[in-house]
Amino acid sequence: MKLTLKIWRQKDSRAKGTFVTYRMDDVAPEMSFLEMLDALNKKLVEENKDPVAFDHDCREGICGSCGMYINGHPHGPVPAITTCHLSMRYFKDGDTIWIEPWRAKPFPVIKDLIVDRSAFDKIQSAGGFISVNAGAAPEANSILAKKKHADDAFDSAICIGCGACVAACKNASAMLFVSAKISQFALLPQGKIEAKERVRAMVEKMDELGFGNCSNTGACEAECPKQIKLTNIARMNREYYKAF
Amino acid sequence: MGKLISKIPDGPLSQKWTRYRASSKLVNPANKKKLEIIVVGTGLSGAGAASALGELGYNVKVFCYQDSPRRAHSVAAQGGINAAKNYQNDGDSTYRLFYDMIKGGDYRAREANVYRAAEVSNQVIDHFTALGVPFARDYGGTLDTRSFGGVQVSRTFYAKGQTGQQCLLGCYSSLSRQIKKGNVKMFPRREMLDLVVIDGKARGIIARNLITGEIERHGAHAVVLATGGYGTIYYMSTLAVNSNASAAWKAHKRGAFFANPSFVQIHPTCVPQLNEYQSKLTLMSESLRNDGRVWVPKAKDDKRSPNDIPEEERDYFLERRYPAFGNLVPRDVSSRAIKERCDAGNGVGETKLAVYLDFRDAINKQGKKAIENKYGNLFEMYKTITGSDPYEGPMMIYPAGHYTMGGLWVDYELMTTIQGLYAIGESNFSDHGANRLGASSLMQAAGDGYFVVPNTISNYLADEIRTPKTSIDKPEFAEAEKASVERINKLLSIRGKQNAASFHKRLGKIMWDYVGMTRNEAGLNKALVLIRELQKEFWTDLNVPGTAGELNMELEKAGRVADYFELTQLLITDALDRKESCGAHFREEYQTPDGEALRNDQEYAYVAAWEYAGEGNAHILHKEELKFEEVEMKVRSYK
Ligand SMILES: Cc1cc2nc3c(=O)[nH]c(=O)nc-3n(C[C@H](O)[C@H](O)[C@H](O)COP(=O)(O)OP(=O)(O)OC[C@H]3O[C@@H](n4cnc5c(N)ncnc54)[C@H](O)[C@@H]3O)c2cc1C
Ligand code: SF4
Ligand code: FES
């Protein structure tokens, strides 16, 4: 396939960015999106030009490193997958593809397609844990949990912290991400003891870091590669009101 | 041989860890605050260690090269984590877990360490459960388990196919708590470039800030490496693509011995390579072999679609060759059996480098829903990658590089041959011998981090309480920083044509062809020649655009590949030295008439610990004799 890529290039956090056009003549449909960028970068290095910087690691949809806006969608046009799982077979010969970093105030651009998502770590540190030291845990089966609750907790816990929900939201709200963590713990007996402190601390931190409010548009859920549900946000709101 | 003191405590195996803890030195709480510890890595081992050390009150600094600790490669582990809970009443015990690991490792691991890993496994599961890891449960609310390869009990705890992610997020949460408390300081997007050794003791690291390119000096009283394995040495592997050996390799060049580097596990069930552009291979968890049956058509070149091939024309070769364990034989054995069938011409798919993993019978028996519950996300992942649906027809799978049993040599305390330098998790060599059993790495990494190193490090630090904070102005820091900067400048100054990844790809191909699932002397020697040629080309034709003072991913990659050129050569040296077949190390010259590994306990029942002897000099081999007091060395049979 022949493709035209319009990629956001930005030297560092202070520089002004711009779209740069690249032409790719021999993209194979079997490539993944990131392998297509690898091929571009190989070419750029051979021409002694600065390759496009993007975050990636596991390349199997689990680490949450990768993520970029592709033709106006976080992680690209295919629902429920990460950028690293996006296959080039979803594009056509002659396509123009626009590639940009996450755009959200709390995620400043570091370089090209790489953004700073450390705000997520700060929210986690505010309360996303159960306070138990190594060695202090009771025998595992002394904590019983309904299978249904454990399964639901798991469904919330699979968030990969990629930030697509924030990028998709016009308010740059982090509610989906935060509520997934809150829900996981709220559903398990182990998590109930600190539930109030946790939800207060995490929501407060989220607001402090400049993430916007949720206006129930649902863009986050639609773009989340792990299909984290909006019901998590409803649960978080209930938890939050209970916490005062 | 005098240099290898394994510090195994006296007494019967089951008493060693208890006795050790009863007699090791402790540091009082007030002194802990004054002691600084560097932990490099935030996988299960590193995040576990940093959390536990923080909880104890030490002053901890922790590093990773990802943007967040939550992305360490442990996140990708799928199938499960072992513990000797015996919740199934199926005869499991600490001893049996220990025995399975010793046997699974083909009698090339150290008894005392393995026993301890089995012993702390239950604490690991207790701790993860308390941290809110959503393990699978039964209807009564208790934890569920499943079986993995190489064992006959059901001891593997799991969270669907995302056990690693869930455990890592548990570690990340405990780490986050210590960060909030101020006991742990997190340094993400930092790459350790060198280890600083002062008067024979590890005292700090040199790190590069991957955003600004700044070179930083960090001092401490002790350093813990938790930097993972080097499976990406084959370029294509199941590991995260940025996984690398550089931290361990730099420590090695500063004096830490490297043990059994040639023990690399090739995992049998991975999605086969589909095209030449591919940058990684995806694992299909071993847990699938609980219900999936591995087969090839009996006829060569059978062009029929697998569903059209009748039962009697299928060769379920694992069940045929290994009736006792069937599809659940250990990884090394199944990988070789798959290779054998493909080499014989019975492979399937376009490349003929694949075999079927079939769920038809399981779906018929248990129903689609039950299978979906157990493996739903793996099936989806398979479909995303290949475009075909495993509920409808069998998966195609082929082996791929996966795990490194080899690593930095450590003693019972997990201390390397450098005083005050520890290696935990996959970065050390200690618990898996020549082959690792499924679901025992998460167990070992978490055990090392949360429960072993926090207990052993105090024995060392108790003598350091009068040592003042390490000054980063010492000449050793300046020297190490200078060496790092010079190396970066050297990589930047070549200005050739090719990018680092293309060298990595070619290096990986040589390794896979000659140093993969089976090896022989001629092939190993050939690989050495080829690698040295390629290494020369690397140092004359590499191109790293950009500068050192900025985010420069090509530069990061180039440094890691440069180190792989060195490590591969040691790996091959080790494979040449070991003139026997054991576990994953299969030397074609040493096999039984029916193609099984032929071990040589008389001459090779040792850990090969290699000492770096300076640029251009041959490595020096130190042998740690393995003494088996508890188990008898037997021919490992799964028939
Ligand atoms: C696909 C896959 C599936 C697996 N499934 C299972 C399973 O089901 N069960 C099981 O038991 N095991 C499994 N394993 C193996 C297991 O996941 C790993 O062995 C284990 O997670 C390793 O943990 P670790 O803490 O040693 O290192 P890792 O999790 O690899 O972490 C390494 C850390 O070190 C850091 N680091 C490395 N070098 C540097 C440096 N120079 N500077 C700074 N930081 C550095 C990295 O940033 C990272 O934080 C699987 C492995 C793979 C590849
Ligand atoms: S909720 Fe979804 S989109 Fe948001 S960080 Fe988690 S996985 Fe990514
Ligand atoms: S690279 Fe890990 S999720 Fe895409």
S.K.: Name the member of A:Lys122, A:Lys181, A:Lys42 that forms the most heavy-atom pairs with chain B at distances under 4.5 Å.
M.R.: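 Most pairs with chain B among the choices: A:Lys42.
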
S.K.: Chain A heavy atoms under 4.5 Å from B:Phe451: which part of the residue, side chain, backbone, both or neither?
M.R.: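 Just the side chain, heavy atoms under 4.5 Å.
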
S.K.: What part of A:Asp121 gets within 4.5 angstrom of chain B, counting heavy atoms only: side chain, backbone, both, or neither?
M.R.: both

S.K.: Quick one: what part of B:Ala159 sits under 4.5 Å from any heavy atom of chain A, side chain, backbone, both or neither?
M.R.: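 Backbone plus side chain of B:Ala159, per the 4.5 Å heavy-atom cut-off to chain A.
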
S.K.: At a heavy-atom distance under 4.5 Å, which candidate from B:Val133, B:Ile125, B:Ile385, B:Asp67 has the highest pair count against chain A?
M.R.: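 When all of B:Val133, B:Ile125, B:Ile385, B:Asp67 are compared, B:Asp67 has the most.
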
S.K.: Chain B heavy atoms under 4.5 Å from A:Glu30: which part of the residue, side chain, backbone, both or neither?
M.R.: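 Contact with chain B: backbone and side chain both.
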
S.K.: So which residue, A:Ala137, A:Ala145, A:Cys58, ends up with the most heavy-atom pairs under 4.5 Å with chain B?
M.R.: A:Ala145

S.K.: Given a strict heavy-atom distance threshold of 4.5 Å, which part of A:Glu46 is in contact with chain B: side chain, backbone, both, or neither?
M.R.: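 Its backbone and side chain both get close to chain B.
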
S.K.: Using a cut-off of under 4.5 Å for heavy-atom pairs, which of A:Gln184, A:Gln190, A:Lys147, A:Lys49 has the most such pairs with chain B?
M.R.: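 Looking at each of A:Gln184, A:Gln190, A:Lys147, A:Lys49 in turn, A:Lys147 comes out on top.
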
S.K.: Check whether A:Ile114 gets within reach of chain B through its side chain, its backbone, both or neither, counting any heavy atom under 4.5 Å.
M.R.: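 Only the side chain of A:Ile114 comes within 4.5 Å of chain B.
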
S.K.: Assess, by modelled atom type and distance only, whether the side chains of B:Tyr158 and B:Asp144 contain a donor and an acceptor separated by less than 3.5 Å.
M.R.: yes

S.K.: Counting heavy-atom pairs under 4.5 Å with chain A, which one of B:Gln166, B:Glu554, B:Lys181, B:Met553 comes out on top?
M.R.: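 When all of B:Gln166, B:Glu554, B:Lys181, B:Met553 are compared, B:Gln166 has the most.
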
S.K.: Using the rule given for salt bridge (charged side-chain N to carboxylate O under 4.0 Å, His left out), can you reason through A:Lys111 versus A:Asp50, listing the C-alpha separation, both sets of side-chain angles and the distance that settles it, and then say yes or no?
M.R.: CA-CA 12 Å; A:Lys111 181 176 182 177; A:Asp50 201 19; 3.4 Å; yes

S.K.: What part of A:Ala126 is in contact with chain B, defined as an atom under 4.5 angstrom from a non-hydrogen atom: side chain, backbone, both or neither?
M.R.: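 Contact with chain B involves the backbone of A:Ala126 alone.
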
S.K.: Quick check on B:Lys85 against chain A: is it the side chain, the backbone, both or neither that has a heavy atom closer than 4.5 Å?
M.R.: side chain

S.K.: Checking heavy atoms, do the side chain of A:Ile160, its backbone, both or neither come under 4.5 Å from chain B?
M.R.: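 Both backbone and side chain of A:Ile160 come within 4.5 Å of chain B.
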
S.K.: Examine the side chains of A:Asn141 and B:Thr142 and answer whether a donor and an acceptor come within less than 3.5 Å of each other.
M.R.: no

S.K.: Are A:Glu223 and A:His73 close enough that a side-chain donor and a side-chain acceptor fall under 3.5 Å?
M.R.: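 Short answer, yes.
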
S.K.: Heavy-atom count around A:Asp93 CG within 6.0 Å, excluding the residue itself: above 12?
M.R.: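 Counting neighbours around CG of A:Asp93, more than 12 heavy atoms of other residues, nucleotides or ligands fall under 6.0 Å, so yes.
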
S.K.: Can you tell me if B:His402 and B:Thr238 form a side-chain donor-acceptor pair at under 3.5 Å?
M.R.: yes

S.K.: Please state whether the side chain, the backbone, both or neither of B:Glu276 comes within less than 4.5 Å of a heavy atom of chain A.
M.R.: neither

S.K.: Working note: B:Thr145 + B:Arg155, criterion side-chain hydrogen bond (donor to acceptor under 3.5 Å, both in side chains); need CA distance, chi angles, decisive distance, verdict.
M.R.: CA-CA 6 Å; B:Thr145 56; B:Arg155 64 160 76 100; over 6 Å; no

S.K.: Is the NZ or CZ atom of B:Lys505 both under 6.0 Å from the centre of the six-membered ring of B:Phe503 and within 45° of that ring's axis?
M.R.: no

S.K.: Per the side chain to side chain donor-acceptor pair (under 3.5 Å) rule, what does the pair list look like for residues 127-138 of chain B, sequence neighbours excluded?
M.R.: none

S.K.: Any chance CD of B:Gln88 has more than 12 other-residue heavy atoms, nucleotides or ligands included, within less than 6.0 Å?
M.R.: yes

S.K.: Donor-acceptor pair, distance only, cut-off 3.5 Å: does the side chain of B:Asn543 make one with the backbone of B:Lys497?
M.R.: no

S.K.: Let me know if A:Ser87 has heavy atoms under 4.5 Å from chain B in its side chain, its backbone, both or neither.
M.R.: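 For A:Ser87, there is no contact with chain B at all, as no heavy atom is under 4.5 Å.
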
S.K.: Quick one: of A:Leu187, A:Val45, A:Ile130, A:Leu144, who has the most non-hydrogen atom pairs under 4.5 Å with chain B?
M.R.: A:Val45

S.K.: Looking at B:Ala52, B:Ser51, B:Gly170, B:Ser279, which one has more heavy-atom pairs under 4.5 Å with chain A than the rest?
M.R.: B:Ser279

S.K.: Under 4.5 Å from any heavy atom of chain B, what part of A:Val115 do you find: side chain, backbone, both or neither?
M.R.: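 Contact with chain B is through the backbone of A:Val115 alone.
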
S.K.: In sequence, state the C-alpha distance, the side-chain angles, and the governing distance for A:Lys196 and A:Glu239, and then conclude on salt bridge (charged side-chain N to carboxylate O under 4.0 Å, His left out).
M.R.: CA-CA 7 Å; A:Lys196 289 184 177 176; A:Glu239 290 289 318; over 6 Å; no

S.K.: In Å, rounded to the nearest 0.5 Å, how long is the span from NZ of B:Lys280 to OG1 of B:Thr232?
M.R.: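 Here the interatomic distance stands at 10.5 Å.
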
S.K.: Taking every non-hydrogen pair under 4.5 Å, which of B:Gln66, B:Gln123, B:Lys160 racks up the most with chain A?
M.R.: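 Among the listed options, the one with the most contacts to chain A is B:Lys160.
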
S.K.: When the ring centroid of B:Phe157 is compared with that of B:Tyr87, is the distance short of 6.0 Å?
M.R.: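 Distance test on ring centres: under 6.0 Å, yes.
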
S.K.: Heavy-atom pairs under 4.5 Å with chain B - which of A:Leu188, A:Asp38, A:Ile81, A:Asp55 has more of them than the others?
M.R.: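 Most heavy-atom pairs within the cutoff with chain B belong to A:Asp55.
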
S.K.: Determine yes or no for a side-chain-to-main-chain donor-acceptor pair under 3.5 angstrom, with B:Thr386 supplying the side chain and B:Tyr382 the backbone.
M.R.: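 Yes, B:Thr386 side chain to B:Tyr382 backbone: donor-acceptor pair under 3.5 Å.
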
S.K.: By a 4.5 Å heavy-atom criterion (distance strictly below it), what part of B:Leu281 contacts chain A: side chain, backbone, both, or neither?
M.R.: backbone

S.K.: Does B:Asn209 use its side chain to pair, donor to acceptor, with the backbone of B:Arg190 at less than 3.5 Å?
M.R.: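 No; judged by distance alone, with no hydrogens or angles, the pair does not exist.
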
S.K.: Which region of A:His149, side chain (C-beta onward) or backbone (N, CA, C, O), has a non-hydrogen atom less than 4.5 Å from a non-hydrogen atom of chain B, or is it both or neither?
M.R.: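 Neither part; nothing is under 4.5 Å.
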
S.K.: Go through the atoms of B:Tyr65 and report whether side chain, backbone, both or neither lie under 4.5 Å from a heavy atom of chain A.
M.R.: side chain

S.K.: Do the rings of A:Phe120 and A:Phe177 sit parallel, tilted or perpendicular, given the 30° and 60° boundaries?
M.R.: parallel

S.K.: Please classify the contact of B:Thr212 with chain A as side chain, backbone, both or neither, using a heavy-atom distance under 4.5 Å.
M.R.: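 Neither part; nothing is under 4.5 Å.
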
S.K.: Most heavy-atom pairs under 4.5 angstrom with chain B, which of A:Gly191, A:Ala153, A:Ala157, A:Gly61?
M.R.: A:Ala157

S.K.: Counting only non-hydrogen atoms closer than 4.5 Å, does B:Thr384 touch chain A with its backbone (N, CA, C, O), its side chain (CB onward), both, or neither?
M.R.: both

S.K.: Heavy-atom cut-off 4.5 Å, strictly under: side chain, backbone, both or neither for A:Phe185 against chain B?
M.R.: side chain

S.K.: Is it the backbone or the side chain of A:Ser131 that comes under 4.5 Å from a heavy atom of chain B, or both, or neither?
M.R.: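 Contact with chain B: backbone and side chain both.
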
S.K.: Mind ranking B:Leu551, B:Asn242, B:Ile179 by heavy-atom pairs under 4.5 Å with chain A and telling me who comes out on top?
M.R.: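 So the answer, after comparing B:Leu551, B:Asn242, B:Ile179, is B:Asn242.
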
